[in-house]
2 protein chains.
Amino acid sequence: MDLEWKWVNAVVPKMTQKLLRRYSLLLMIRQTQPVGRRSLAERLALTERTVRTDLDSLLDTGLVSMQTNGVWLTDDGQTAILNLQPLVADLTGLRKKETQLKTRLGLKDCLIVSGDSDDRSDVKQTMGEAANDLLRQQLPAGESVVAVMGGTTMAAVAETLSATLADNRQLTFVPARGGMGESPKIQANTVCARMAEATNGHFQALYLPELSSKLASTSLRQEPAIAQTLDLIDHANVAIHCVGDAMAMAKRRQMSAEVTATLVNRHAVGEAFGDFFDQNGQIVYRVPKLGLSISDLDRMDLVVAVAGGHSKAAAVEAYFKIPPAKTFLITDEGLADMILKK
Amino acid sequence: MDLEWKWVNAVVPKMTQKLLRRYSLLLMIRQTQPVGRRSLAERLALTERTVRTDLDSLLDTGLVSMQTNGVWLTDDGQTAILNLQPLVADLTGLRKKETQLKTRLGLKDCLIVSGDSDDRSDVKQTMGEAANDLLRQQLPAGESVVAVMGGTTMAAVAETLSATLADNRQLTFVPARGGMGESPKIQANTVCARMAEATNGHFQALYLPELSSKLASTSLRQEPAIAQTLDLIDHANVAIHCVGDAMAMAKRRQMSAEVTATLVNRHAVGEAFGDFFDQNGQIVYRVPKLGLSISDLDRMDLVVAVAGGHSKAAAVEAYFKIPPAKTFLITDEGLADMILKK
DNA sequence: TCACCATGGGACATATGCTGTCCCATCTGA
DNA sequence: TCAGATGGGACAGCATATGTCCCATGGTGA
């Protein structure tokens, strides 16, 4: 498929440029709708007029609609993005990187969005939308219990979940683990609530204080409210989570100096589900928490990992030495390049 | 893949038209090179200027070259045609018909060119070029012995064989069967000679008179020159042949009224390798000839059948109830439609 | 409620590319 | 040698794309 486009380009040059330009326009509209010509032009570094011609064309073919408050993506526009994604990935060479990363990390499949979320904050949002697309295609129909984690990346995913996801599905969201010391805005409970809201689904919170001893967790496990949620987690068939850089996570969760020192000593590079691992994928420290562990992913129908930014490359690369080979990864070019260039 | 193009078209309308126009331009150049703008314009029902703009573009990208005697296809142009073929087949809907026909007839694969060779004589030539493309991709490297049949279709294939076929191959052509009463221009010996010439290969003729008795064939088989050729035929690993309408073939070969009556009585619809069969693929009459039979195809590495025109539909459909499922078919839209519409 | 700002739409000159239609010098092949 | 086909030049007309304004308006936050 890769070579094919070379010839298309030779026969109708600049068709691909135009296609890519309009595709990125569609993406940007989806991300910021409702939005006006001038904002779009600025964001995409195009002139107002070219944006306008493109919009007029897309209006003709019904992919966008113009309202007094700005441009909106139509349902057809949504579908177009979904259908054009692999094609555009081909054109930009991302497709090649996707297959490379897939084999390199042993993934079920892989989606790479362009950019680097360490540099531009909107890339995280694009990853969120990619996650939404993926879920729409991969989430089994019917009832599902979705275990999710917290974090800024997961919050971005939650922001973009659309109601169309719930068309043939009844979704229940549940935090994969108890409160992990994150700030309220990005903790799993908040993410759950937001996802449930967006998809007209249900959610169940898991309010847990910081745990310091195994004793406390054993007694807490008896609490009816908590036991019920833990039971739900045990029945989750879908997991969406992120992978974090070890030190960044330790700092964000304000872990004690003692624990941090342990992490350093044991060369922890990444974290997922509260488990810290070194570059060989060996778990070197577990945050004492209730809920899902990496090993529970085996029994899931669908596992989606979302992580981007070159700073997380080492973490992600190490992480995928652990989980079953059925995980989907959604990442960005910054991270992908960092892993592949080695 | 089929749906994808709908969206490409929605995002960049009329690019596909242009792509198709230029592709057909390339095809026409290949067919008639060296050729001038005006001839091309006339043949493709375009204006001179349009052809010129397209040619200029193709010149820029190096797919064609302009000489004082006309336009030539470059090597890149050749490659472009080859690589764009499946894509264009998608766009025109031919691809869908190809897969349909493939499953319907139980083929290894199938190439359909647009048009109907019963209506336009140049369609046969296009099929020949398609055959050339297919051989270039499928013919095993190294030495091959290619058994070919006669007929106008095979003659068209022979016309278009190109030297590039022989890049990594040494080819020997041999008539699959003895002279079948065809006129010299289209008989297998001539076709062989022409193919060998085009590919810098060898060929071995098989000159046989009309045979009327099995006795004669047995004695002829002893003749050293004939025995040698027959031995070569036995070692053929590739076969290229056509499928004919039963009555048309009987007439062309000036078969006796008696035999023709037999064919009618037994409801023969088609012919291949001198074997006539009815609509169920049952062989109802064998021309007493020396050489290859349909059953010998089993041991071949590659079998290509070439037949087009709606009038041959019944014959082709019946034929593919006989041979192994590894045959490639090259046909035209007229024939494909006739089979598929039922 | 009001004011402001971003919105879509209109307008226009300009640039670029495509089209139709000539003519012409030149090359080719019979 | 010569007739016919070749590529290239030229030009006007047309369509589309582009850059740059301005304007009325509607939604939103103060």
Side-chain angles (χ1 to χ4, degrees), chain A residues 8-74 76-77 122, chain B residues 8-74 76-77 122:
Chain A
V8 174
N9 235 337
V11 175
V12 271
K14 111 200 158 166
M15 170 210 195
T16 53
Q17 308 168 26
K18 191 179 278 189
L19 178 63
L20 289 177
R21 195 179 68 200
R22 294 193 175 171
Y23 182 77
S24 66
L25 193 60
L26 286 175
L27 279 187
M28 186 57 81
I29 293 171
R30 174 163 81 166
Q31 206 166 91
T32 52
Q33 61 185 330
V35 63
R37 291 195 310 249
R38 279 162 279 255
S39 327
L40 283 173
E42 195 181 2
R43 287 164 190 271
L44 294 171
L46 301 171
T47 69
E48 179 196 334
R49 199 58 183 79
T50 53
V51 169
R52 192 171 176 179
T53 355
D54 287 346
L55 282 182
D56 286 344
S57 169
L58 294 173
L59 189 65
D60 273 345
T61 50
L63 299 194
V64 302
S65 75
M66 302 267 228
Q67 309 291 335
T68 52
N69 58 350
V71 182
W72 292 80
L73 213 57
T74 63
D76 274 2
D122 58 338
Chain B
V8 174
N9 236 337
V11 174
V12 272
K14 109 199 157 168
M15 273 307 165
T16 53
Q17 308 168 28
K18 190 179 281 190
L19 178 62
L20 290 177
R21 194 179 69 201
R22 295 192 175 173
Y23 181 77
S24 65
L25 193 60
L26 287 174
L27 280 187
M28 186 57 82
I29 292 171
R30 174 163 81 167
Q31 207 166 90
T32 52
Q33 62 186 332
V35 63
R37 292 194 311 246
R38 280 162 278 256
S39 327
L40 283 173
E42 195 183 2
R43 285 163 191 272
L44 294 170
L46 301 171
T47 69
E48 178 197 333
R49 199 56 182 80
T50 314
V51 169
R52 193 170 174 178
T53 331
D54 288 346
L55 282 183
D56 286 343
S57 168
L58 295 174
L59 189 64
D60 273 344
T61 50
L63 299 194
V64 301
S65 73
M66 301 267 227
Q67 309 291 336
T68 51
N69 58 349
V71 182
W72 292 81
L73 213 57
T74 64
D76 274 3
D122 57 339

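Values below: all heavy atoms of this structure, side chains included; hydrogens, waters and symmetry mates excluded. In the text below, chain A, chain B and the rest are named by the order of the sequence lines, each starting its count at 1.
Here the closest non-hydrogen pair linking A/L55 and A/V64 is O-CG2, 4.0 Å. The two residues B/A10 and A/L63 have their closest heavy-atom pair at CB-CD1, 4.0 Å.
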* Structure fact -> Letter by letter from the 5' end, nucleotides 5-16 of chain D scores (B base, S sugar-phosphate only, - none; protein heavy atoms under 4.0 Å) -BBBBB------
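Taking side-chain N and O atoms only, A/T53 has no distance below 4.0 Å to OP1 or OP2 of D/dA17. Close to D/dA17, at under 4.0 Å from its OP1 or OP2, lies no side-chain N or O of A/T50.
The separation between A/Q17 atom CD and D/dT18 atom C1' is 15 Å, rounded to whole Å.
How far CD of B/Q17 is from CE of B/M15: 10.0 Å, rounded to the nearest 0.5 Å.
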Return all side-chain donor-acceptor pairs below 3.5 angstrom for residues 35-44 of chain A, not counting sequence neighbours, or 'none' if the list is empty.
from: A/R37; atom 1: NE; to: A/E48; atom 2: OE2; distance (Å): 3.4
from: A/R37; atom 1: NH2; to: A/E48; atom 2: OE2; distance (Å): 2.9

Name each donor-acceptor pair under 3.5 Å that joins a side chain in residues 23-30 of chain B to protein atoms two or more places apart or in another chain, with its distance.
from: B/S24; atom 1: OG; to: B/L20; atom 2: O; distance (Å): 3.4
from: B/S24; atom 1: OG; to: B/R21; atom 2: O; distance (Å): 2.7
from: B/R30; atom 1: NH1; to: B/D133; atom 2: OD1; distance (Å): 3.0
from: B/R30; atom 1: NH1; to: B/D133; atom 2: OD2; distance (Å): 3.4
from: B/R30; atom 1: NH2; to: B/D133; atom 2: OD2; distance (Å): 3.2

